[in-house]
Amino acid sequence: MATNKRKHEKQGGPSAKKVPPWMEGLKQAMENPDLKVLETDKAVVIKDKYPKARHHYLVLPKENISNLKSCQKEHVELLEHIHEIGANLKTRHENSAFRLGYHAIPSMSQLHMHVISQDMISDCMKTKKHYNSFTTDYFVPSETILKMLKRDGKVDINAKDMKLCLEMNLRCHLCGESQKNIPTLKKHLLLEDSKKNRGK
DNA sequence: GTTCTAGAAC
DNA sequence: GTTCTAGAAC
């Protein structure tokens, strides 16, 4: 009865695979009233604990949905709702450009859409993986996810390609200039930001 | 997801 | 010698 055994393990039997506690961090966070930025009947907004830009929110469904793989046609309305919440959040920061989207292969459990300003200036933005996860195809726009879901009834992601995205050479997402390393990139991003805000 | 740190890169 | 990054974390 391999099937029964596996079922038992998933329910927390002696030989159950231990899921690292940090993987459940988002579920904990969205239940913490102190961290809630806003909520609707179907979704919750929190600020990312380690923001990778000046403004970085997460929009999560209240329903338990672990990731994009478990999304089907029936979730289209919910994801549209989540998108609308993100679009409204943008209006809190009229001077900043934003992107709404999902990491192709997120580390943490519970589906979450990123709402992130495009300055990418933050002390928490420390590694190539951080930067590339928001500035390459690893970051899948919410509209793209919705299109796939409506057309195919599922979200298909090529894990191999996504790994390559994270390993790509650093390149400014605003002007395309290649960057030697993270500290150089950060200085460049500050410069881009000051250019953009000149005269404002 | 982060923290820590060995060893590569400079 | 210092800065920077990549990989382990039981």
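It should be emphasised that the depicted structure is a prediction, and the values quoted were computed from it without experimental measurement. Per chain, numbering begins at 1; letters A, B, ... match sequence-line order.
- At a threshold of 4.5 Å between non-hydrogen side-chain atoms, the residues A/Tyr102 and A/Leu79 count as touching.
- Ring centroids of A/His81 and A/His83 are separated by 6.0 Å or more, keeping the two rings apart.
- For the residue pair A/Asn64/A/Lys27, the side-chain donor-acceptor check at 3.5 Å is satisfied.
- Under a 4.0 Å N-O distance rule, the pair A/Asp152/A/Lys73 does not qualify as a salt bridge.
- A/Gln118 is not listed as a side-chain neighbour of A/Phe98, based on a closest heavy-atom distance of 4.5 Å or more.
- Ring centroids of A/Tyr131 and A/His173 are separated by less than 6.0 Å, placing the two rings close together.
- Other residues, nucleotides and ligands place no more than 12 heavy atoms under 6.0 Å from the CG atom of A/Asn169.
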Can you check each nucleotide of nucleotides 1-7 of chain B against protein heavy atoms at under 4.0 Å and return B for base, S for sugar-phosphate only, - for none, in 5' to 3' order?
-> BSS----
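- A 3.5 Å limit on both hydrogen-bonding distances identifies B/dT2 as the Watson-Crick or G-U partner of C/dA9.
- Residues from residues 170-191 of chain A lying near DNA chain B, meaning a heavy-atom separation below 4.0 Å, are absent.
- Aromatic ring centres of A/His103 and A/Phe134: separated by under 6.0 Å.
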